[in-house]
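Written out below as structure tokens is the structure these notes cover.
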Amino acid sequence: MPPSWKQITAQLDALYEFDREPVREDKLQKGWEFAGLFAGEHIAGTEFVIGAMFVLHGVSARDVLLGLLLGNVLAVLSWTFICAPIAVRTRLTLYWYLRKIGGPGLTAIYNIANAMLYCILAGAMISVSATAIGLAFDVPTPELSAKLPSSLGWVVITLVAGGVVTTVAILGFEKLAKFSSVCSPWMVLIFLAGALAVFPELGTYHSLADLRQIAESKIWTGTLPAEAAAKGLDKLGFWHMVFFAWFCNLAMNVDLSDMAIFRYARNHWYGLYTAFGIFPGHYMAWLASGVMVAAVGLKMSPGQMAMNAAGLAGAIAVLIAGWTTANPTMYRAGLAFQSITPNWPRWKVTLAAGIATTLFSCFPFFFMRLLDFVAIYGLLLMPIGAVVFAEHWLFPRLNLEQYRVERLQQLFNWPALLTWALTLAACYFMPFHLFFRWLPGYFIALILYLALSFAWQKAGTRTAAVNAGATK
Amino acid sequence: MNWRRHWVNLASILAVLSLALCLAAPILCFAHAIDKRTYIICLDFATLAWFLSAPFWLTPGLFGKKFEEAAAKAWLRVKSASN
């Protein structure tokens, strides 16, 4: 018999019980600890794919350099002025704050949706690792337009890689998590090293002007490569870069997942510390992987790119980058899935998440279309970020009652659920590029939630007045 | 134990040096001072040195409680090591 909503929410509450209470003053962390935490947080195997994809999408050098710069600044500001202020005021994780606002039912749906997305993301990371293993066994990386597994060899490699990641996640997640912290400083340097070392292969240079000329003519040319155009890839420009860099961590900043981290911050300015992770990971590493893919003749294979640029160390970096980031992602997915599998032991849930992740990793569609997937990931969860923002900041200013669902002990916040569904429907029909839809969608979600909450609260007040009159 | 602290000290120095080599080798290659083959040998060597030394410095807890205590008194202490 499937578990009831009550069972699901009780199970979820039990899982997150340890961080139910707001963080106490004496537990707040220093700024440099945030800097250290973020420094290693944004370098993953997927950076090898994202930066290379920009080159394949025909971005120009000016657009990629300035667009990513502006987009990353906006991302850091989103952490500082959207996520951190709410976290510092409430000292709660998003899970518990959303539970107050959306009710346990909505929180459970949010968690399950998030878990599914985590599995796909972890699957893409395993696919990236598989491109490095494939080099050793002469298994080619699937074509740019491939949706289904391209060869038996690819399937075997992804299944084995997924199996190993799952087994390690079951046997010792915490030890691997510690080990992955060892990899971060080295990994940043491998990206930088790879880009610097292959630059001489792209042309001769004696001055900054020569370097600029190579960048504009050999790497970020501003024209869609013929193969990419034939495969149906669209050309990306300045605003695509701005929006991509801004929304690629939308789940963490605007959608407020990083409240879990910032509830330990002394003030909201600690959001600026995310720059320590964002600029090495989402600026330097993306530019570096662009240089690396240009050096292998625009062949989209992270393993081959890294092997060419940094030898065995590069191949190991691809393998480890995919592995160490897939591991916590799978763990988080398992944690969320645990809510719908009452009484399952931890290993069984991780195994289920691992099987789903491994199956996703067989399909090259997810990693070859990583840019679109990242956009969809942020977009799907974005309305919930808007709901929490509206309830936290706008409700008191508009004299709307905050945390009404919690007071009435309801399972669902219907205005929030409707806002989520209607906003996504509106985003689906928007007549512009996928990358740009989240921003108007965010404002639609804010307005919708305010309007629906106003109507809901007014209807509730009227019903209460009628009931009170009937009692008299 | 004293030898553990010395071990962590040695590991931290080796780890920092290996990172320096990871940075220096590509810069020299970029400047045409060394060829790509030499650069890759340097990078592989630095990677090996990093993974042999850095865990003792950054995550001594992986090697037991005594290593963790020793690391807390090492020259280059890393707070996250004990977390």
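Every chain is numbered from 1 and lettered A, B, ... according to where its sequence line falls, protein lines coming before strand lines. Note that the structure is a prediction, hence the values are computed from the model and not measured.
Only one option out of A:L312, A:L189, A:I190 pairs with B:T47 in a side-chain contact (heavy atoms from CB on, under 4.5 Å); it is A:I190.
Considering only heavy-atom pairs separated by less than 4.5 Å from chain A, the leading option among B:I34, B:L28, B:L43 is B:L43.
Heavy atoms only, all atoms of each residue included: B:F51 and A:C183 are closest at CE2-SG, 3.8 Å. Minimum heavy-atom separation, B:D44 to A:A310: OD1-O, 4.0 Å. A:A197 and B:C29 get closest at one heavy-atom pair: O-SG, 3.9 Å. When all heavy atoms are compared, the tightest approach of B:F30 to A:L211 is CZ-CD2, 3.8 Å.
Residues from residues 13-20 of chain B that place a non-hydrogen atom less than 4.5 Å from a non-hydrogen atom of chain A comprise B:L19, given in numerical order. Proximity to chain B at a heavy-atom threshold of 4.5 Å picks out nothing from residues 286-294 of chain A.
Under the side chain to side chain donor-acceptor pair (under 3.5 Å) criterion, A:D26 pairs with A:R24, sequence neighbours left out. Applying the ring pair (Phe, Tyr, Trp, His ring centres under 6.0 Å) criterion to A:W220, with sequence neighbours excluded, gives no partner residue.
If you look at A:Y205 and B:H32, their ring centroids are closer than 6.0 Å.
The side-chain heavy atoms of A:V182 and B:W50, taken from C-beta on, include a pair separated by under 4.5 Å. Looking at heavy atoms from C-beta onward, A:M307 lies out of side-chain contact with B:I40 at the 4.5 angstrom threshold.
The neighbour count for A:R266 CZ, taken as heavy atoms of other residues, nucleotides or ligands under 6.0 Å away, is above 12.
Only the backbone of A:A309 comes within less than 4.5 Å of a heavy atom of chain B; no side-chain atom from C-beta onward does.
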